[in-house]
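All chains are named by letter (A, B, ...) in the order of the sequence lines, taking the proteins before the strands, and each is independently numbered beginning at 1.
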Amino acid sequence: MTRRYYITTPIYYVNDKPHLGHVYTTVACDALARFKRLDGFDVKFLTGTDEHGIKVKQAAEKAGMDPQAFTDQVSQTFRDLIKTMNYSNDDFIRTTEDRHEKACQILWKKLVAAGDIYLGKYSGWYAIRDEAYYGEEELTTTPDGKKIAPSGAECAWVEEESYFFRLSAWQDRLLAFYEKNPDSIMPETRRNEVISFVKSGLRDLSVSRTNFDWGVPVPDAPGHVMYVWIDALTNYITAIGYGDGEDSAEFKKFWPADLHMVGKDILRFHTVYWPAFLMAAGLEPPKRVFAHGWWTIEGQKMSKSLGNVISPDGLVARYGVDASRYFMLREVPFGNDGDFSHAQAILRINNDLANGLGNLAQRTLSMIAKNCGEAVPAFGTLTPEDKQLLEMAQVKMLAAVRTELDRQRFHKALEEIWNVVNAANGYIDAQAPWGLKKTDPARMETVLYVLAETIRCLALIVQPFVPDSAAKMLDQLSIPAHNRDFSSLDAAHALQSGTKLPPPQGVFPRIVEDEQKAANG
RNA sequence: GGCGGUGUAGCUCAGCCGGUAGAGCAGAGGAAUCAUAAUCCUUGUGUCGGGGGUUCAAGUCCCUCCACCGCCA
C-alpha cells in the first residue's frame, strides 16, 4: 500500500496582499502535511500563486512594470511567508511557469479530444473592474444610460469569441460522483450547497478570452488565452508533473490529491468545474475538497477600509509563529467562521500553551534538573495512576488525534492533546513529587520519570502545530532527530533512565501586554 | 422567492437512532507551593428562540411562527 498524501492550498491571487485568511489556509495544510509526514506518509504539500488575468496585467501597467516582473515581485511576498509562518511546503507553484503552461495545454487538448470543448460566442454585460459578467436583471441604469453592476462597477456590452467547456453534459456524472463519495466535499453543509447547485442545472462554461493576453495561450487558437479556471485549477496537477504527461511517475504516485483545502468562496470551482474537467480528461477527481470559514476581527469583517486587516508579520510579531498557529487552529471548529479577538488570543495562548503545556514541562524538568542529577530519572514499580497516564500519552492520544485530523477537525485534535496535558497537571499535583522528595525519593523519581515520558509524547505529537517549540522541548529531553516521528510515539521508545539532559528553559512565554495596548486591540 | 443551515449557561460550543441538560473559558470559594504569580479541587436552579402536536416520556420527532446565516454561475 502506498502511504502517500497529497495536499494543496489554493494558489493565491497576486493582486492581494497576504493576510490572516491566506495564512490560515496554509497553516492548516501545513499542520496536516507535517502530521502525515511524521505518521509515515510520503507527503507532497503544495502552495503557490495565481498570476494571470486582466487585473494583474492592469496592475502591472499601473506600476509601470512588465507583467512578469510585476508578478515576480508580488509573488515573492507570498513566498516570504514560508519563513514567516514556518511552512513545510514541498513545492511552490506559479502559474507563469513553463511547466504550468505545458500542463494546461496538455489538459486542454485532452478536453478538446474528448469533445468537451467547442468554439462559441460569449456576450453579456461585462464589468472590467470586477472581471465579471452580469445578467441584465442584476444591473441598474443611471440617468445617463450607464449600466451599473451590484458592485457599483460600470458595465459594457461585450461580445467575443470564446471557447466553451461542455459543463452541462456533466451534471449527472457529477451528482453520481458526489453520491458515491460522500466525504469528497466537506463540511457537509457545503456539500449540500454544491449538490443543490448542480441539481439546479449547469450551463456551459466560457473558458477562453480574447480581450487580454496575460495568460496561457490556447493551443491552435491564436488570440485566445485560457480563462481563469482551467489555468488556475490545473496547478494542482502541474506540480506533480502533469506537464510531462499523465504517465509521469510523480503524477501517478500523487494523483488524485487527498485534499484540496479552500476558502468557501472558491468551493464551486473546486467541486464542480474541477472534477468535471478532470473526468472529461479521463482523470480522477480529488478525494476531498474542504472549505473552511472566514475570520472576523474583533467581531467585524476584515476589510481594508476598516483598517483591521491582520498581516502575517503583525501577527507573528505580536504572538510568535507557534502561538499564532496554535490559536488559529484551536480557537474555531474548523469549517466554521471564527472571530479573531486579541483578548481571546492572549487567553488561549497563556492558558493552553504557557500555563498548560509550557508550565508542565518547566516544572517537571526543573525538578529533574535539581533532584535527579540532570538526567532522566530511574523508575521503580509503576502504580495504576502511572500506567494510566502513560497509556494515555503513549497509546490513546495518537490514535485519537489521527482520527480527528483525518476529518480536518484541528480543534478536536488539539483538544485531545490537551486532555493529556491536563491529566498530567492533575497527576503531578496528586503525586506531589516535591513532598516525596523528603519521604520517598525513589518514588519521586518514578513520578518524575512518568511525567518526563508523558512530556516526550506530548512534544512529539505537538510538532505539526508548533514545530519550533516542540523541537525545543524534544531537545530538552535529549531526543535524537531520528526518534522524533510517530513511530517513536510508544512505550518501546520511552525515555532511557540516565540520559543526560540539558538545563531546562521555558518554551512557551506568557503574553504580557499592558492594559492600554490590550484595550486598543 | 427557492434550497440548506443555525438559534442550548455571561462567552464559544457538545449533546448519536427521544428518557426530565453538559464541556472549555470567564466568575466565586478553597488547597498546595515543584513551576512561566503558573497548578489542583469545589462551584452551573439555564423559559434548551416562540407556539402547537405526536408520545408514558422531546433541545432530541412533526407542524407553524420569529430571528440570524449560507448557497442559488
Side-chain angles (χ1 to χ4, degrees), chain A residues 122 124 130 132-135 137-138 164-165 167-168 171 185 187-207 227-229 263-269 271-273 276 291 293-294 296 299 301 323 330-341 343-372 409 411-412 414-416 418-419 421-438 444 447-448 451 455 469 504-512:
Chain A
Y122 200 105
D130 302 344
Y133 283 86
Y134 291 94
E137 71 285 353
E138 294 179 89
F164 284 81
F165 174 75
L167 185 63
S168 58
Q171 180 170 347
I185 305 172
E188 200 180 340
T189 160
R190 300 294 166 202
R191 179 172 184 267
N192 293 340
E193 282 178 15
V194 170
I195 289 175
S196 95
F197 172 75
V198 173
K199 276 188 176 159
S200 75
L202 296 173
R203 297 208 296 261
D204 288 350
L205 196 66
S206 170
V207 289
Y227 178 60
V228 202
W229 297 113
K264 59 188 183 182
D265 53 328
I266 50 174
L267 211 222
R268 183 198 310 153
F269 313 121
T271 55
V272 182
Y273 303 175
W294 297 137
T296 52
K301 237 181 123 172
R330 175 61 243 252
E331 181 64 4
V332 177
F334 199 71
N336 292 7
D337 288 348
D339 183 50
F340 194 109
S341 112
Q344 192 62 22
I346 291 170
L347 218 47
R348 198 103 232 179
I349 291 166
N350 284 348
N351 280 340
D352 297 358
L353 294 179
N355 302 348
L357 180 56
N359 187 237
L360 171 70
Q362 184 66 11
R363 64 199 303 206
T364 301
L365 294 175
S366 64
M367 279 204 82
I368 289 174
K370 284 177 195 161
N371 303 300
C372 307
R409 289 189 290 229
H411 67 297
K412 283 287 189 185
L414 288 166
E415 197 177 303
E416 289 289 348
W418 258 259
N419 282 343
V421 172
N422 295 334
N425 267 324
Y427 170 89
I428 195 171
D429 246 68
Q431 301 299 324
W434 47 90
L436 294 168
K437 186 174 165 183
K438 293 160 200 158
M444 176 201 73
V447 167
L448 291 177
L451 284 163
I455 291 164
S469 310
Q505 284 179 334
V507 170
F508 296 106
R510 284 177 62 80
I511 309 283
V512 183

Q: Name the orientation of the base relative to the sugar in G70(B): syn if the glycosidic angle is within 90° of 0, else anti.
A: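 It is anti.
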Under 4.0 Å, heavy atoms only, any strand: does [X] hit a base, just the sugar-phosphate, or nothing?
X	value
Val272(A)	nothing
Leu205(A)	nothing
Ser366(A)	sugar-phosphate
Tyr273(A)	base
Gly293(A)	nothing

Flag, side chain of [X] to backbone of [Y], donor-acceptor distance under 3.5 Å:
X	Y	value
Asp337(A)	Gly293(A)	no
Trp418(A)	Asp352(A)	yes
Gln171(A)	Val198(A)	yes
Asp204(A)	Phe164(A)	no

By nearest atom, which of the nucleotides [options] is closest to the [X] side chain?
X	options	value
Arg268(A)	C34(B), C71(B), G4(B)	C71(B)
Asp429(A)	A73(B), A35(B), C40(B)	C40(B)
Trp434(A)	G24(B), A32(B), U39(B)	A32(B)
Arg348(A)	G24(B), C72(B), U39(B)	G24(B)
Leu347(A)	C25(B), A73(B), U39(B)	C25(B)
Ser196(A)	U39(B), C3(B), C72(B)	C3(B)
Glu193(A)	C40(B), G70(B), G4(B)	G70(B)
Asn359(A)	A73(B), G4(B), U36(B)	U36(B)
Asn351(A)	A26(B), A35(B), C40(B)	A26(B)

**Q.** Residue met sooner reading RNA chain B from 5', once Asn350(A) and Arg363(A) are mapped to nucleotides
**A.**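 The residue closer to the strand's 5' end, by nearest nucleotide, is Arg363(A).
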Q. Taking for each residue the nucleotide of RNA chain B with the nearest heavy atom, is it Asn425(A) or Asp204(A) whose nucleotide lies nearer the 5' end?
A.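 It is Asn425(A), whose closest nucleotide lies nearer the 5' terminus.
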Using the [atom1] atom in both, what is the distance from [N] to [M], to the nearest Å?
N	M	atom1	value
C72(B)	U45(B)	C1'	46 Å
C63(B)	U55(B)	C1'	16 Å
A23(B)	C62(B)	P	28 Å
A38(B)	U47(B)	P	34 Å
U6(B)	G49(B)	C1'	11 Å
A9(B)	G22(B)	P	14 Å
U8(B)	A67(B)	C1'	16 Å
G51(B)	G44(B)	P	27 Å

Q) Does a salt bridge link Arg191(A) with Glu188(A), judged by any charged N lying under 4.0 Å from a carboxylate O? A) no
Q. Do Asn350(A) and Phe508(A) have side-chain heavy atoms sitting under 4.5 Å apart?
A. no
Q) Considering only heavy atoms from C-beta outward, does the side chain of Asp339(A) approach that of Gln344(A) to under 4.5 Å? A)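 Counting from C-beta outward, Asp339(A) and Gln344(A) never come under 4.5 Å.
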Quickly work out the [X] [atom1] to [N] [atom2] distance and round it to whole Å.
X	N	atom1	atom2	result
Ile195(A)	C71(B)	CD1	P	17 Å
Leu353(A)	A38(B)	CG	P	15 Å
Glu416(A)	A23(B)	CD	C1'	13 Å
Asn355(A)	U33(B)	CG	C1'	16 Å
Ile455(A)	C34(B)	CD1	P	17 Å
Lys437(A)	A32(B)	NZ	P	18 Å
Leu448(A)	C34(B)	CG	P	13 Å
Asp265(A)	A73(B)	CG	C1'	14 Å

Side-chain N or O of [X] less than 4.0 angstrom from OP1 or OP2 on [N]?
X	N	result
Arg510(A)	A38(B)	yes
Asn419(A)	G24(B)	no
Lys370(A)	A35(B)	yes

Q. Could Arg409(A) and Phe334(A) be counted as a cation-pi pair, given that NZ or CZ must be under 6.0 Å from the ring centre and within 45° of the axis?
A. no
Need the pair for [N]. Rule: Watson-Crick or G-U wobble, both distances under 3.5 Å, any strand; none if unpaired.
N	answer
C68(B)	G5(B)
A28(B)	U42(B)
A23(B)	U12(B)
C17(B)	none

